[in-house]
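Report on one structure; see the data block that follows.
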Amino acid sequence: MVNPTLSRGNMLSRLSLTRLRSSALFARRSLFSMDKVISEPTPDEIKVLSHRQYETSNILSPGTVLPSPLDQFHLWFKEAVDDGQVQEPEAMSLSTATPSGIPSVRIVLFKHLDSRGFIFYTNYTSRKSKELLENPNAALVFYWREIHRSVRVVGKVEKVSQEESKEYFKSRPVGSQLGAWASKQSTVIGENDLATRLKEVEEKFGDNPPTPDFWGGWRIVPNEVEFWSGRPSRLHDRVRYLRSDSSPDSWKIERLSP
């Protein structure tokens, strides 16, 4: 209980001291839990210390990869899943940009690899979808820290068919289906707006909501794919595939400097 005889200045001083002690305790805990990844932080800066060394058992080179980057990704993704240590191997960064070149990036979930490219699903009225409609180019990055591997993808985007979107939508949990109807993704909402809309769609659709017209899949059709494998002293292995202009099914494979 606050002592009523304390002056406002003393109260603020004590509050500041408490916050300072809490910040210091948090910093010490962070340093311990992060295994000294950062130096002692100050109020206006953070300095990252030397990172632990990467090490992969297999050498990555143009001579060790498959002719198709989609086949190579299939192999690496399966290994990431089978490894058992990688948390959410399907998580990927998706980068889009406005027609004037202002970029934005977010984490989305990879859902399907077919003969053309990488597929994810979202609201077609979201910021990312609006940018993809205006500028149909995108980049993806998968980062599997636990096995010291990463995959980077650059390509054109296209919507998947309504049939594909409907098939995937119906495979989702009912709660996620209702959530797709309730959320006007990327728009500003009030504190209780989402709960109100969710109740409305639950009453309207029950446990069998149809696939919304404003929801579906995007496919990134790659023209460039890079596979990265961490090595000691930052001398990483990097192999890049570039799609041939003369033969769309052919790829040029080359090593990049780390």
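Every value quoted in this text rests on a predicted model; they were computed, and no experiment measured them.
The shortest side-chain heavy-atom distance between Lys130 and Leu132 does not fall under the 4.5 Å cut-off. Side-chain atoms of Phe142 and Ser93, non-hydrogen and from C-beta on, never get closer than 4.5 Å to each other. In this structure the side chain of Asp83 never reaches within 4.5 angstrom of the side chain of Glu79, judged on heavy atoms. Side-chain contact between Leu133 and Lys159 is present, with heavy atoms from C-beta onward closer than 4.5 Å. The closest side-chain heavy-atom distance from Glu254 to Leu242 is below 4.5 Å. Using a 4.5 Å heavy-atom cutoff, the side chains of Val154 and Pro222 are not in contact. The side-chain heavy atoms of Glu158 and Val221, taken from C-beta on, include a pair separated by under 4.5 Å. Considering only heavy atoms from C-beta on, Val65 comes within 4.5 Å of Tyr241 through its side chain.
Arg243 places a side-chain N or O within donor-acceptor distance of the main-chain N or O of Pro248, the cut-off being under 3.5 Å. The main-chain N or O of Ser229 is never found under 3.5 Å from a side-chain atom of His148 such that the two would form a donor-acceptor pair. Distance alone, capped at 3.5 Å, is enough to place a donor-acceptor pair between the Arg197 side chain and the Ala182 backbone.
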Problem - Chi angles and distances behind the side chain to side chain contact (heavy atoms under 4.5 Å, CB included) call for Asn135, Thr98 - result: CA-CA 6 Å; Asn135 179 4; Thr98 64; over 6 Å; no

Practice task
Apply side-chain hydrogen bond (donor to acceptor under 3.5 Å, both in side chains) to Thr96 and Ser104, showing your working.
Solution key: CA-CA 6 Å; Thr96 59; Ser104 62; 3.1 Å; yes

Problem - Intermediate values then yes/no, side chain to side chain contact (heavy atoms under 4.5 Å, CB included), Thr64 and Ile59 - result: CA-CA 8 Å; Thr64 63; Ile59 300 298; 5.5 Å; no

Handout entry: Verdict with supporting geometry, Lys111 and Leu109, side chain to side chain contact (heavy atoms under 4.5 Å, CB included)
Key = CA-CA 6 Å; Lys111 288 300 180 181; Leu109 296 181; 4.1 Å; yes

Handout entry: side chain to side chain contact (heavy atoms under 4.5 Å, CB included) between Arg106 and Val108, worked out
Key = CA-CA 6 Å; Arg106 74 288 290 161; Val108 299; 3.9 Å; yes

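A 6.0 Å sphere centred on CG of Asp82 holds more than 12 heavy atoms belonging to other residues, nucleotides or ligands. No more than 12 heavy-atom neighbours from other residues, nucleotides or ligands sit within 6.0 angstrom of CD on Gln162. Enclosure of atom NZ in Lys78 is not indicated, since only 12 or fewer non-hydrogen atoms of other residues, nucleotides or ligands lie within 6.0 angstrom. The environment of Ile189 atom CD1 is dense: over 12 non-hydrogen atoms of other residues, nucleotides or ligands sit within 6.0 angstrom.
Partners of Lys156 under the side-chain contact (heavy atoms from CB on, under 4.5 Å) rule, at least two apart in sequence or in another chain, are Asn137.
Shortest non-hydrogen contact noted between Ser183 and Asn123 is O-ND2, 3.5 Å. Between Pro89 and Phe77, the shortest heavy-atom contact is O-CE1, 3.5 Å. When all heavy atoms of Gln85 and Glu146 are compared, the closest pair comes out as O-CG, 3.5 Å. Across Val151 and Phe227, no two heavy atoms sit closer than the pair CG2-CD2, 3.8 Å. The two residues Asp114 and Leu70 have their closest heavy-atom pair at O-CD1, 3.8 Å. The nearest pair of heavy atoms linking Leu94 to Ala138 is CD1-CB, 4.0 Å.
Hydrophobic clustering (side-chain heavy atoms under 4.5 Å, transitive across Ile, Leu, Val, Met, Phe, Trp, Tyr) keeps Val141 apart from Val81.
At a threshold of 4.0 Å, the pair Arg127-Glu131 counts as salt-bridged, since one of the basic side-chain nitrogens sits closer than that to a carboxylate oxygen. A salt bridge is absent between Glu164 and Lys166; no separation between the charged side-chain nitrogens and carboxylate oxygens falls under 4.0 Å. Using a 4.0 Å cut-off between charged nitrogen and carboxylate oxygen, Asp237 and Arg255 count as a salt-bridge pair.
Interatomic distance, Ser100 OG to Glu134 CD, rounded to the nearest 0.5 Å: 9.0 Å. Rounded to the nearest 0.5 angstrom, Leu75 CG and Ser68 OG are separated by 11.5 Å. Atom-to-atom distance recorded for Leu235:CG and Ser257:OG is 9.0 Å, nearest 0.5 angstrom. Going from atom NZ of Lys47 over to atom OG1 of Thr42 covers 8.0 Å, rounded to the nearest 0.5 Å. How far OG of Ser171 is from CD of Gln177: 8.0 Å, rounded to the nearest 0.5 Å. Between the CH2 atom in Trp251 and the CD atom in Gln72 there is a gap of 12.5 Å [rounded to 0.5 Å].
Taking a 4.5 Å side-chain heavy-atom cut-off between Ile, Leu, Val, Met, Phe, Trp and Tyr, the cluster of Ile119 extends to Tyr121, Val160, Tyr168, Phe169, Val174, Leu178, Trp181, Leu198, Val201, Phe205, Phe214, Trp215.
Side-chain atoms of Lys252 and Ser244 form no donor-acceptor pair, as typed in the model, at a separation below 3.5 Å. A donor-acceptor pair shorter than 3.5 Å can be found between the side chains of Thr122 and Gln185. Defined by atom type and a distance below 3.5 Å, a donor-acceptor pair is missing between the side-chain atoms of Ser150 and Trp144. With hydrogens and angles left out, the side-chain atoms of Ser247 and Asp249 include no donor and acceptor closer than 3.5 Å.
Just one residue in the list Met92, Arg219, Glu90 forms a side chain to side chain contact (heavy atoms under 4.5 Å, CB included) with Phe120, and that residue is Met92.
Side-chain rings of Tyr54 and Trp228 approach one another, their centers coming within less than 6.0 Å. Ring centroid separation for the pair Phe110 and Phe73 comes in under the 6.0 Å cut-off.
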